[in-house]
There are 2 protein chains.
Amino acid sequence: MQKAKNMAIAPEILPDPVLCTVDVVLLTLHLGELHFAVVARDADPFRGVQALPGGFVHPQEDADARECALRVLREKAGVSGPYLEQLSVFSGRARDPRGWSVSIAWVTLVPESSLEEAVGKGLGLRKVHDLGGLPFDHADIVRAASDRVRSKSSYSSLPVHLCQPPFTLPELQSVYESLLGEPVNKVSFRRKMAELDFLEPVEGEMQRSGAHRPAQLWRLKTRFRQALSMTDRGINSGT
Amino acid sequence: MQKAKNMAIAPEILPDPVLCTVDVVLLTLHLGELHFAVVARDADPFRGVQALPGGFVHPQEDADARECALRVLREKAGVSGPYLEQLSVFSGRARDPRGWSVSIAWVTLVPESSLEEAVGKGLGLRKVHDLGGLPFDHADIVRAASDRVRSKSSYSSLPVHLCQPPFTLPELQSVYESLLGEPVNKVSFRRKMAELDFLEPVEGEMQRSGAHRPAQLWRLKTRFRQALSMTDRGINSGT
DNA sequence: CCATGTTCTTTGCTTTTTGCATCTATGTCA
DNA sequence: TGACATAGATGCAAAAAGCAAAGAACATGG
């Protein structure tokens with residue numbers, strides 16, 4: 001039993017309780033636009049309202065907050081083993097009517113195809129600029145996640161997690177362009193991918209796209225599934 | 001009274017308690033090396049051991065976690081109004097013998113001169129690579145803070161907070177070089193500062209350095225006291 | 001079975017940015 | 001007043017990024 005090992009806290013210094021929760025901004029690209037996942041809340045406050053997938057930390061189940069976020073993702077979105085990074089903590093007495101609370105917010109990026117099943121079961125997708133009606137400070141959280149992802153997109157491998165492997169370089173480029181909001185020079189893009197060195201070719205080429213030269217297929221090198229590859233010079237606009 | 005307004009939580013879904021604390025990595029430059037501040041813990045566990053300044057969140061006093069971090073800085077290090085940014089959350093059941101805990105970790109950068117009084121009153125300074133004997137996971141926290149600051153140094157105004165204004169460009173350059181761990185080309189550095197555009201000249205020049213041309217004095221523009229100025233291309237090595 | 005269209009990929013420049021050496025400016029001090 | 005030291009500017013060389021256009025590889029239709 002865990003409690004038996006715990007050290008007692010003198011009652012006079014025992015702090016007032018703080019609600020400790022986790023919220024996940026699950027991002028994906030749908031029709032070339034960044035979307036985040038919402039689920040209907042199953043309890044008050046805001047029962048039935050669409051909100052970020054989240055919940056209380058369960059000290060018995062969760063070894064740490066990352067495990068908690070992964071559990072939430074698994075239970076509410078059917079997602080396992082995604083790229084997951086800590087965003088920020090949102091805290092204070094004003095954000096939750098139940099009292100002083102802490103939300104440990106996480107961002108995760110997945111290809112749209114990995115959400116198909118969950119979307120059939122009630123998971124919702126909303127554009128990251130469509131923030132109306134969100135409870136608590138979830139609008140702030142989504143904004144922060146979107147800003148973080150967009151700013152990291154210009155100098156890292158982050159956007160690759162929105163692509164279902166194997167994928168082609170033109171496909172990946174269009175993902176980068178969606179996040180950056182502007183076209184990218186093709187040659188510069190390929191030079192940058194070579195420099196970042198997080199892709200490896202997959203044998204066999206794709207041809208389904210029709211009457212033209214087939215493209216090489218690529219996938220993420222395994223050592224970059226959690227760690228990002230970064231460069232000190234970003235990608236700029238193009239043609 | 002705050003409690004009166006709070007919404008009740010049904011007992012069956014009330015989560016187990018989580019200890020909610022704040023820890024601050026207070027960084028400064030001493031003799032050209034990055035140091036962090038430690039204070040002797042005033043309670044068990046680890047009473048008397050040198051640790052990061054920190055403490056429990058006080059829901060009555062602190063409006064949010066940032067306010068809590070500022071309070072800790074004020075009470076334990078005599079620092080007010082510094083540049084302060086959230087680092088990360090360190091959490092889990094293993095990091096604190098009292099139970100499942102969350103530490104919201106913050107980084108702050110101050111000029112050495114602003115710590116003189118607190119150092120006289122028992123605040124300690126240790127090199128960021130000297131992590132022996134720290135309690136909890138404070139070594140991990142300091143490492144994360146040091147990594148964050150070093151990596152942001154190459155493309156942002158962050159290091160300026162280690163300089164007591166007014167300062168000269170050569171002084172600021174040597175601060176950047178200390179953080180980057182390598183010399184920086186003088187012309188590139190000045191071009192980058194001009195591009196980042198976070199400095200404004202102070203009338204009057206310094207001459208105390210002796211038998212040579214005096215240098216222009218500068219200070220941080222007020223709008224960059226909390227927000228950083230960033231560029232998409234970093235500073236590289238130089239002569 | 002070859003010409004045509006389409007997109008992927010590479011190549012050869014032009015333009016921009018960065019790095020380096022040097023030159024000038026402006027003070028102190030003997 | 002001239003030697004010295006560091007601040008700051010300037011001009012050129014090297015490197016990187018951007019752009020246009022050529023070449024490659026396929027499907028399709030005459």
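Here is the naming used below: chain letters follow the sequence lines, and residue numbers restart at 1 for every chain. FYI, side chains are in, hydrogens and waters are out, and symmetry mates aren't considered; it's all heavy atoms of this structure.
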Steps toward salt bridge (Lys or Arg N to Asp or Glu O under 4.0 Å) verdict (B:Glu117, B:Lys121):
CA-CA 7 Å; B:Glu117 196 182 326; B:Lys121 291 181 183 170; 3.4 Å; yes

D:dG18 OP1/OP2 closer than 4.0 Å to side-chain N/O of A:Ser188:
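Answer is yes, contact under 4.0 Å.
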
Exercise: identify the closest heavy-atom pair between A:Leu84 and A:Ala69:
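For A:Leu84 and A:Ala69, the tightest heavy-atom pair comes out as CD2-CB, 4.1 Å.
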
Figure out the [atom1]/[atom2] separation between [X] and [N], and round it to whole Å.
X	N	atom1	atom2	result
B:Glu195	C:dT18	CD	C1'	11 Å
A:Gln216	C:dT7	CD	C1'	15 Å
B:Phe167	D:dA7	CZ	P	15 Å
B:Trp218	D:dA7	CH2	P	14 Å
A:Asn185	C:dT17	CG	P	15 Å
A:Leu196	D:dA17	CG	C1'	15 Å
A:Phe189	C:dT10	CZ	P	13 Å
A:Arg233	C:dG19	CZ	P	6 Å

Qualifying residue for side-chain hydrogen bond (donor to acceptor under 3.5 Å, both in side chains) with A:Glu85, from A:Gln226, A:Lys152, A:Arg66:
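Going through A:Gln226, A:Lys152, A:Arg66 one by one, the side-chain hydrogen bond (donor to acceptor under 3.5 Å, both in side chains) with A:Glu85 is satisfied by A:Lys152 alone.
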
Among the nucleotides [options], which one has an atom lying closest to any side-chain atom of [X]?
X	options	answer
B:Lys192	C:dT9, C:dT18, C:dG5	C:dT18
A:Pro170	C:dT9, D:dG18, C:dT7	C:dT9
B:Leu169	C:dT10, D:dG8, C:dT26	D:dG8
A:Arg190	C:dA21, C:dT26, C:dT10	C:dT10
A:Pro214	D:dA17, C:dC8, D:dC26	D:dC26

Side-chain donor/acceptor of B:Ser154 to backbone N/O of B:Ile235, under 3.5 Å
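No, because the side chain of B:Ser154 does not come within donor-acceptor range (under 3.5 Å) of the backbone of B:Ile235.
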
Mark yes or no for whether B:Ser91, through its side chain, and A:Ala65, through its backbone, hold a donor-acceptor pair below 3.5 Å.
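Side chain of B:Ser91 to backbone of A:Ala65: a pair is present.
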
Nearest nucleotide by nearest heavy atom, which residue falls closer to the 5' end of DNA chain C, B:Gly234 or B:Val187?
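Its nearest nucleotide being more 5', the pick is B:Gly234.
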
Ignoring hydrogens and angles, does a donor from either the side chain of A:Arg213 or the base of C:dG5 sit under 3.5 Å from an acceptor on the other?
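Such a pair does not exist between side chain and base.
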
